[in-house]
Amino acid sequence: MKPSIPKGTRDFTPDQVVKRNYIFDTIRSVFVKYGYQPIETPTMENLSTLTGKYGEEGDRLLFKVLNNGDFLAKADEKALTEKNSNKLIASISKRGLRYDLTVPFARFVVMHQNEISFPFKRYQIQPVWRADRPQKGRYQEFYQCDVDVVGSNSLMYEAELVQIYDEAFAQLKVDCVIKVNNRKVLFGLAEAAGIADQFMDMTIAIDKLDKIGEDGVRNEMLKKEIPDAAITQILEMLKCDALAPLKNYFANSPTGLKGIEELETFHQYFDLYEAKNEVKFDITLARGLNYYTGCIFEVAAKNIKMGSIGGGGRYDDLTGVFGLKGVSGVGVSFGAARIFDVMNELDLYPKQLSATVDVLLIAFDQATHQYAFDCLNKIRAAGIKSDLYPEPAKMKKQMKYADSLKVPHVVIIGGDEMESGLLSFKHMESGEQEKLNLGEIIGRLRNT
RNA sequence: GUAGUUGUAGCUCAGUUGGUUAGAGCGCCUGAUUGUGGUUCAGGAGGUCGUGGGUUCAAAUCCCAUCUUCUACCCCA
């Protein structure tokens, strides 16, 4: 049969995994430094845990897992004869693949509430699945790196999470702009314009501003039957790039004023930190996921056309649906696949990143091969990544193998070398070669 | 889910109005070089033309279906 993989998924070669691990390790080290603890959750969740948490669109993008056994015998016959897929699902699928890491985390917090102490700071690096149409930078399977803290309303954490973004991307050398807004400010816009009940429609339209422009947003809102006067007022308010002038608009919107106050508090903390990337208030930042209630964040890479490489925000009551009220959470997510793509295109990886060994040993006959194996053990005992060509083959073949693996050094062991104990140590890039004993070779390799 | 697009050697791609045995570059293998890779030269291997049907004397080429790629919506990391 012809091998293939499902659409929107991909294999990772050793080279790519090394790069991806570099990203994970970098991000993880920042998480750990800021005091976050690792957790993992199952690949599959109960479908009931997932449905309804991501809006109608999200439900459509959920991967459902078909029940085992004779699932058709237990299927909803009415839905089956009606060919009503949505209705049928409940009776033939009780599990689904995780869509993000936030909802499973909320479930985790509720289930383990008596074992964890609040505020609980966790990070989680695992793949998620979405049945979306694949495009550039959009896959059906991709890793997310989430950091969240639940059980505290302190805006210190908003500042901390933006710091984490800044520090992680600075370490990865990805230039980016971190956009900050507050859902309450957006609500203030709707309230000030007298269309509080159409808040969601307004938000979705505003979110597209940089894509479809002011006129596009106006049309979008007109379609949703938002009054012309309100639209004009909203578009006017959207021109604000600072907090102070907004206060006048929000005179009659307590929620809007609260949003401003939260952003001001955020800045009181955050401004004590010297950011390496651009961090800016962007009133047009909306974000789709509707569980956000306070500050929201999004990260966009500079110098490249790519969707957002991270996003997050505060959600006041995510655990509420699982029966735990009044626990506030705030968190951000790193989109590993997109960061990976950005770093590939901009070639931002450190040069020494390599999947292979520091030295390859080669030998020419059975006696030298066994001698070389003994040398290999000693080199490995010294903690140096090393390997021996598996058989005494032609030198050309072995050298070519070393070259294709980009091994920086080769140790050549023939009869002369074995007798004298002075091995030929070759530096592949320069082509230079010298005779050294094993101890000296290990010393050289340690210093590189 | 809607609309379009792509698929030919390991990779990047040619392939005429349908017409002999489907090509190139790179890569790979062998040798020139019995102990020296990345350069050079000579030779060689490698293809169900995404898959399944159909039209035709004849299909990589035309038609239909399907899978996949990429793109715009939608949404999003």
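If you're wondering where the values come from, they're calculated on a predicted model, not measured in any experiment. So you know, we letter chains A, B, ... as the sequences are listed, proteins then strands, and number each from 1.
Of the two residues near RNA chain B, A:Thr9 and A:Phe334, the one whose nearest nucleotide lies more 5' is A:Thr9.
Separating the C1' atom of B:A60 from that of B:G50 is a span of 12 Å, rounded to the nearest Å. Taking atom P in both B:A65 and B:C26, the straight-line distance is 41 Å, to the nearest Å.
With rounding to whole Å, A:Asp11 atom CG is found 15 Å from B:U68 atom P. For A:Ile204 and B:C76, the CD1 to C1' distance is 13 Å, given to the nearest whole Å. One interatomic measurement links the two molecules: CD1 of A:Ile23 to P of B:A77, which rounds to 18 Å at whole-angstrom precision.
Looking at residues 136-144 of chain A, you'll see A:Lys136, A:Gly137, A:Arg138, A:Tyr139, A:Phe142, A:Gln144 sit with a heavy atom under 4.0 Å from some atom of RNA chain B.
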At under 4.0 Å between heavy atoms, which parts of nucleotides 34-40 of chain B does protein reach? Answer with one letter per nucleotide, 5' to 3': B base, S sugar-phosphate only, - none.
-> -BBBB--

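Atom OH of A:Tyr22 has more than 12 heavy atoms from other residues, nucleotides or ligands within 6.0 Å.
Here the side chains of A:Phe120 and A:His112 are not in contact, with every heavy-atom distance at 4.5 Å or above.
Within 4.0 Å (heavy atoms only), A:Ser308 reaches sugar-phosphate atoms of the nucleic acid but no base atom. Residue-level contact check: A:Gly312 touches neither bases nor backbone, having no heavy atom under 4.0 Å from any strand. Contacts of A:Lys208 with the nucleic acid, taken as non-hydrogen atoms under 4.0 Å apart, involve only primed sugar atoms and P, OP1 or OP2.
For A:Arg130, taking side-chain heavy atoms from C-beta onward, the closest of the listed nucleotides B:A72, B:C75, B:C76 is B:C76. For A:Leu61, taking side-chain heavy atoms from C-beta onward, the closest of the listed nucleotides B:C75, B:U69, B:C76 is B:C75. Closest to the side chain of A:Arg133, from the set B:C75, B:G1, B:A77, is B:G1.
A salt bridge is defined here as a Lys NZ or Arg NE, NH1 or NH2 lying under 4.0 Å from an Asp or Glu carboxylate O, and A:Asp241 with A:Lys179 fails to meet this definition. Salt-bridge annotation for A:Arg314 and A:Glu262: absent, with no side-chain N of the basic residue lying under 4.0 Å from a carboxylate O of the acidic one.
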Shorter than 3.5 Å, N or O on both sides, protein versus nucleotides 8-10 of chain B: list them out with atom names.
none

Check nucleotides 42-49 of chain B for protein N or O atoms closer than 3.5 Å to its own N or O atoms and list the pairs.
none

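Applying the salt bridge (Lys or Arg N to Asp or Glu O under 4.0 Å) test to every pair with at least one member in residues 21-44 of chain A, sequence neighbours left out, gives these pairs: A:Asp25-A:Arg28, A:Lys33-A:Glu167.
Counted by atom type alone, A:Tyr273 and A:Asp166 present one or more donor-acceptor pairs between their side chains at under 3.5 Å.
A:Asp148 is linked by a side-chain hydrogen bond (donor to acceptor under 3.5 Å, both in side chains) to A:Arg122, A:Tyr315, counting only residues two or more places apart in sequence or in another chain.
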